[in-house]
Amino acid sequence: MRLRLISICIFFVAFSKSLVASAAVTSGYVSPGIISAASNYEAPGSETKTVDSNLNTSYNLAGNGYVTYSIPVGSTSMKIHFRSLRALDGRTASYRLIFSDSKGIVQDSGVNRIYTDLKAYDFAVPSSATKVTVKSESRADYFALIVHEVEFVAPIDKTPPHEVTNVVTSSTDTAINLTFYTPNDSDFAGTKLYVDGVLVAMGNTKTSYQLTGLKPNTTYNIRITTFDTNNNESDGITMSVKTLPPADVTNLELHPSTHSILAQWINPESVGFMGNDLYLNGNLIVSLDKNTKSYTFLNLHPNTSYEVKIVSKYNEGYSSLGKTAIAKTTIPVEDITDLRVDAKYDRVKLSWTLPDSEFFRYVKIYRKKVKERSFWNQLFGATSVSAATTSDGYTPMFETNGTYWTDLTVTPDTTYSYKVKSVNTEGNESQGVTIETTTPSEPVPKIEGVSTTQNKNGDYVVTWTSPSEGIVKVVIGGKEYTVVDAATQQVMIPKEDMKTDFFGGYDAKLVPIGKFGTEGHAVQVPTVQGKKIEFPILFDDFVKTVINILTWAAPLILLSLVFIFWRPFITFLRKTIFAKGGRIKS
């Protein structure tokens, strides 16, 4: 056992480094190097260099032979394994130890006799000695001094190399990767990797390690040490590294509606993935296979937050931590019901029934003009009340939380489409309910209750009791004189502008025109006394009739006169020509 220990110590010292003052050291046996040797006799099978920690080999210093060894630095003692061959007279060999340095002999042990049996002898080593010579003093070959081994007790450097630096770790669910920088120590020999106290790997030039086949979501205690050529090992760099849980789903998206939530995701591509468990507010709802990528949670409450969690499952019983998302179901937007319409030429009334919902806030009314059937509608029709026309052509008109609304901006002979949308407490609008209607034509206006008076200046004041909407056009002498607002219900005509007709009445008329341009029948302005000559037709109408009759009858009258007076006419021509000396041939 001791020989094995000596052998190990010799191996370590062969690769030892210089002693560092502050480092802790211990002592051990080391073998020196042989500087020189001489012998007068060499036994068969013997070896000159007895530094192999093997007592079966030896060096025979027959006669006055010697061997010189270098002393390891710091050696304090030496051990020599040697024996002597007994002479015929029973005497044994003698030896001398001479310690020296570069300047000469430091110490001489003198002559000493040894026993015939193999035995180890210990000697102190002077501190300044660098070599020692073992010399035979037998003076004869038969007094053989046999040297088997020489060992020195010298300090062995136990200082380990520096630690690794810049340790970087990364992990997956089943592996841990480590990278690091090794120290620059001259005697650095390699690194060792311990996991949970067990040596799992070592290497001479390793700057990285990879641990595979690990358990997911598990913490491992890892230590990386360094060792030198003497197998001195550092305390190491210790760290705790946790493997990742198995991969979760990615791109989890929730799409809520009033009573449901649609979940969509991308499944992991990890080996061993089996499927997903879906939880809603912590309760397992369904287990899905690895090919399913969406699911709809039904029968939910509106305006309520829900937490959706998807846990991915793997073979060997592993599960991911789970991917979580939160969504809130929407507030319902319920449409109105029983939408009705009542159209007049100048207004459209809408009425409806409100939805019975706690989330209802108000209705929003939109209008779209579908078709205009009258020139006057296009000329006098109302314009949109808002520029915020929607993409489908509807223009916002009004907002109310009531059950009816009257549109006073319509025109006659026009088709309108109305859309009524409900708006909930979050401002979301429903799809809306539509209804279409066409306004009738504007009624022909009638002017009634016309009377005439004169003021103190003699000017004529013409009044009427209806209409009160639209305009009233005043015509004097067949020409438009002025236009006034029907709502004023009067017009003043200066006395110098008033004209009378053939029968002595006022040649003035009032023509009512509706607010959408429909023109009514003209009414003649009455005289101040309120009386006028009754005549089947008005004077100007009579004159126009006579002229029209003459236009058609004049050619016939002229032709009749030709037939009646042609003979006197010819006689007249003849007399006229002959009177000038001319002749005419019959």
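Being a predicted model, the structure only gives us computed values, none of them experimental. When reading the values below, keep in mind they use all heavy atoms of this one structure, side chains included, and skip hydrogens, waters and symmetry mates. Numbers here simply count residues along the sequence, with the first being 1.
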Exercise. For Lys419, look at atom NZ and say whether over 12 heavy atoms of other residues, nucleotides or ligands are found less than 6.0 Å away.
Key: yes
Exercise. Would you indicate whether the side-chain heavy atoms of Tyr220 and Val241 approach each other to under 4.5 Å?
Key: no
Quiz item: Taking atom types as modelled and ignoring hydrogens, do the side chains of Ser417 and Tyr394 form a donor-acceptor contact shorter than 3.5 angstrom?
Solution: yes
Quiz item: Checking Ser75 side chain against Pro72 main chain: does a donor-acceptor pair fall under 3.5 Å?
Solution: yes
Quiz item: Given side chains that start at C-beta, do those of Ile80 and Leu97 come closer than 4.5 Å, heavy atoms only?
Solution: yes
Quiz item: How are the rings of Phe82 and Tyr121 set to each other: parallel, tilted or perpendicular (split at 30° and 60°)?
Solution: perpendicular
Quiz item: Going by atom types alone, do Asp122 and Ser77 pair a side-chain donor with an acceptor below 3.5 Å?
Solution: no
Quiz item: So do Thr159 and Asn232 actually touch side chain to side chain, heavy atoms under 4.5 Å?
Solution: no
Quiz item: Is there side-chain contact between Glu426 and Asn303, with at least one heavy-atom pair below 4.5 Å?
Solution: yes
Quiz item: When you check the side-chain N and O atoms of Thr226 and Ser234, is any donor under 3.5 Å from an acceptor?
Solution: yes
Exercise. May I ask you to test the Ile310-Asp248 pair for a side-chain heavy-atom distance under 4.5 Å?
Key: no
Practice problem: Please examine the side chains of Lys215 and Thr243, heavy atoms only from C-beta on, and report whether any two atoms are closer than 4.5 Å. | Solution: no
Self-check item: Minimum heavy-atom distance between Asn267 and Asn276, given as atom pair plus value
Solution: OD1-ND2, 2.8 Å
Quiz item: Looking at side-chain heavy atoms only, is the closest gap between Thr395 and Arg367 below 4.5 Å?
Solution: no
Quiz item: Which heavy atom of Leu252 sits nearest a heavy atom of Val308, and at what distance?
Solution: CD2-O, 4.4 Å
Self-check item: For the student: nearest non-hydrogen atoms of Lys309 and Leu321, plus distance
Solution: CE-O, 3.3 Å
Quiz item: What's the shortest heavy-atom distance between Trp352 and Gly402, and which atoms?
Solution: NE1-O, 3.0 Å
Quiz item: Taking atom types as modelled, is there a side-chain donor on Thr68 or Thr133 under 3.5 Å from an acceptor on the other?
Solution: yes
Quiz prompt | Exam field: side chain Arg361 to backbone Asn428, donor-acceptor pair closer than 3.5 Å | solution = no
Practice problem: Might you point out which heavy atoms bring Asp277 and Ser287 nearest each other, and give the distance in Å? | Solution: OD1-OG, 2.6 Å
Quiz item: Nearest heavy-atom pair of Val200 and Val195: which atoms, and what distance?
Solution: CG2-CG2, 3.6 Å
Practice problem: Please say whether more than 12 non-hydrogen atoms of neighbouring residues, nucleotides or ligands are located less than 6.0 Å from CG in Asn184. | Solution: no
